[in-house]
Structures are given as C-alpha cells and as structure tokens.
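Each remark here refers to the structure printed beneath this line.
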Amino acid sequence: MNATSTDAGTGTGTGTGTRILTGDRPTGRLHVGHYFGSLENRVRLQNEGAELHVVIADYQVLTDRDIAANLPGYVEELLLDYLAVGIDPERAVIFTHSSVPALNQLLLPFLSLVSVAELQRNPTVKDEIKHSSQAAVSGLMFTYPVHQAADILFCKANTVPVGRDQLPHLEVTRTVARRFNERYAPPGAPVFPEPEALLSAAPLLLGTDGGKMSKSRGNAIQLAADADETARLIRGAKTDTERRISYEPERRPEVSSLVLLAALCLERDPVEVADEIGGGGAAALKQLVTTAVNDRFAPVRARRAELARDRGHLREVLGRGNKQANAVADATLEEVRAVMDCVY
Ligand code: TRP
C-alpha cells in the first residue's frame, strides 16, 4: 500500500486543494490519543487552508453494540472537543451522519463493489468484533468499512487524517473509489478520488492499561479531564519492574507510551525525555507525564468549559454543518445516479 503520508515535515497534503474528511463515533469524550493521532493534524490542515469535513458517526455507534446510548449527550461532547481544540465552524463542516440521508444512499452501490471475503479479513473489523459487546456480530459491523467509504467519498475527500488503527478501513475506501470509477465513470473522468490517509508522525499511544487507548474502554486520558483526574489516571497506569526509564516501544510498550505522551506534550524527543528521567523510575516518569499533560491541555480545557456554557451556539453550529453536508451529498448522489444510469 502506498496510500499514506505523515506530517513529519514533508508538507504533504497541506494547503488548498486538500479536501479532508475525518470523524469520530459519539461514544464518549475524545482523549489525548485522538489529539496527537488526528485532531492536531485536522486543525493544522484547516489553518493551512484545507477544506475540512468532520463526521460525527452516530449510526456507526451501532456497529459494536445494540443500543447507541446517550447520543445527544455524546454528540455534544464531541462538538465541544472539536471546537475546544480549534476546529473552526466558520471554515469547517461538522455534521452528524444520520442527518445526511443522501450520504447513506451511497452505501448500496458501494456494497456491491466489495466481496464478503474482503470484509471478513479486515483487521480493524476483527479487532472491533473481539471487543464488541454484542452477543452476535451484526451485518452493520461487517459493512462498517463500506459505510466509512461513503462518509469519505460523499464529499470527494482526498485526505483522511486518522489513527493507524483506521488504515485497513481507508484501504477499503480506496478500493471502492477505484472500482466505482472503473465500472461506472466515463473514461478519463473519475467520479471519486482515491483518498490518502494522513498519519500523524506520532506513534500510537496506549491506554493506561497497556491496551489500545479507547474512549469506551475506561483507559483513556480525556481532553476534558481535569488536572486531578489526569493525575489519578496516570498514577494508576501500568508500567514494568525495570527501574531505569528508557524509550523502547517494542520491548517496554507501557513505559514507552508514557514517555511518548510526555514527549508529545512537551514537543521533545522521547529518547531524551527518557534519558533525563533515567534512574528516577516510574514515580518520576508519572510525575513528569502528569505535569506535561496538564500544562499542554490547560488552554483547551478552559476553552471547552467556556463553550459548554452556550448550548444554543452548539446547536447552531451543528445545524449549519448538517445543511452544508446535505448540499454536498445531494450533488454527489445525483452524479452517482447519473453515471449508474439510475435517472428516471
Ligand atoms: N471509524 C471511526 C472511529 O471509530 C469514525 C469514522 C467514521 C471515521 N467515519 C469516518 C474516521 C471517516 C475517518 C473517516 O472513530
């Protein structure tokens, strides 16, 4: 696969001409892993002039659970996180998946372009099935990557800032775009771009239990957490029995993830941070991480608290985003139906 680039100073994917779609499921507040894995990139690209679309993927909550609990509350939490980190609704389109019917109509033709075997071997789907709270795997779980293709392609996004865990999904999107163009588009006039993943230069952060950091697994440091909660979570984080702190992600994943978190917050090199702590051990490491996280996110947390006081503004932002997303989706669906010869 040659569909990814990183933000490691290459300038790839920056500036105008870049159309971005990315998003999150409304299942909880966003955490520091989201920030360094994706949010930071979204904001940077927006500020460099890219067109940014952010989907709040409410239907997709049902992929791994039977009931999508507290949707209005979680949608609001996501909006607050987005606005607090600097996504600017004057420039970006933030919308809820279920509010854009034309987007979801793309799912049917897209499903016809992938095989069941391809869906069954998707590693992200496999991982989510493993952590699913459903008694049986639903059809929606299997079609999840195709849904995501519709999310990305309805606005013809060419760039998708995501965490590494989402790469298999993006590969499905590229496949769908390519096959759709091959099957239906007139020669030389593709309907959809084959979008590229934009990975953060930061390696993946682990949760405080050493597993994947996840907003629904209770192992995440939320952007909105206060200083005490942050300290408590980091105090309880898993480490290992070796006294000397080092940055060796393969051999010492838990300790290295904490070092990395401090380094990202401080904008420093993780090896240097680890060397400085050295024989100070896990206690010194945790102290450093706590201060680094709390200092780095203090302004975001303050802005978030301020925004939370004006619910009317949040509703207005979402209403405007939904309207814009519908206009874009209607136009794409019209084009799709035209090339598929479904206009009657
Ligand atoms: N699957 C993503 C998640 O679990 C959310 C998502 C939905 C998404 N649609 C998307 C991400 C499109 C990137 C692009 O968080």
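We count ligands from 1, going down the list as the structure has it; atoms in each ligand are counted the same way.
- In terms of protein heavy atoms, atom 7 (C) of ligand 1 is closest to Q60 OE1, 3.0 Å.
- Atoms of ligand 1 lying under 4.0 Å from any heavy atom of A57, numbered from 1 in the order shown and given with element: 7 (C).
- Although no hydrogens or angles enter the test, the distance criterion places no donor-acceptor pair under 3.5 Å between the side chain of H97 and the main chain of I56.
- Contact annotation for H147 and ligand 1: no heavy atom of the residue comes within less than 4.0 Å of the ligand.
- Distances below 4.0 Å separate heavy atoms of L21 from the following atoms of ligand 1: 12 (C), 14 (C).
- Here the heavy atom of the protein found nearest to atom 1 (N) of ligand 1 is Y144 OH, 2.6 Å.
- The backbone N or O of S214 sits less than 3.5 Å from a side-chain atom of N219, completing a donor-acceptor pair.
- Within the structure, side chain to side chain donor-acceptor pair (under 3.5 Å) pairs that include any residue of residues 332-344 comprise K156-E335 (at least two apart or interchain).
- Checked by distance only, ligand 1 and R25 come closer than 3.5 Å through their nitrogen or oxygen atoms.
- For the pair T175 (side chain) and E171 (backbone), a donor-acceptor distance under 3.5 Å is present.
- Evaluated by nearest non-hydrogen atom to atom 6 (C) of ligand 1, the leading choice among Q148, E128, H97, Q166 is Q148.
- When the options D151, L30, V54, T22 are ranked by their closest heavy atom to atom 9 (N) of ligand 1, first place goes to D151.
- Interface of V55 with ligand 1, defined as ligand atoms under 4.0 Å from a residue heavy atom, comprises 9 (N), 10 (C).
- The protein heavy-atom contact nearest to atom 5 (C) of ligand 1 is G23 O, 3.5 Å.
- Looking at L198, V85, V54 one by one, the single match for side chain to side chain contact (heavy atoms under 4.5 Å, CB included) with R42 turns out to be V54.
- Tested against H53, the residues L21, I94, I152 include a single side chain to side chain contact (heavy atoms under 4.5 Å, CB included) partner, L21.
- A donor-acceptor contact shorter than 3.5 Å is absent between the side chain of D330 and the backbone of A102.
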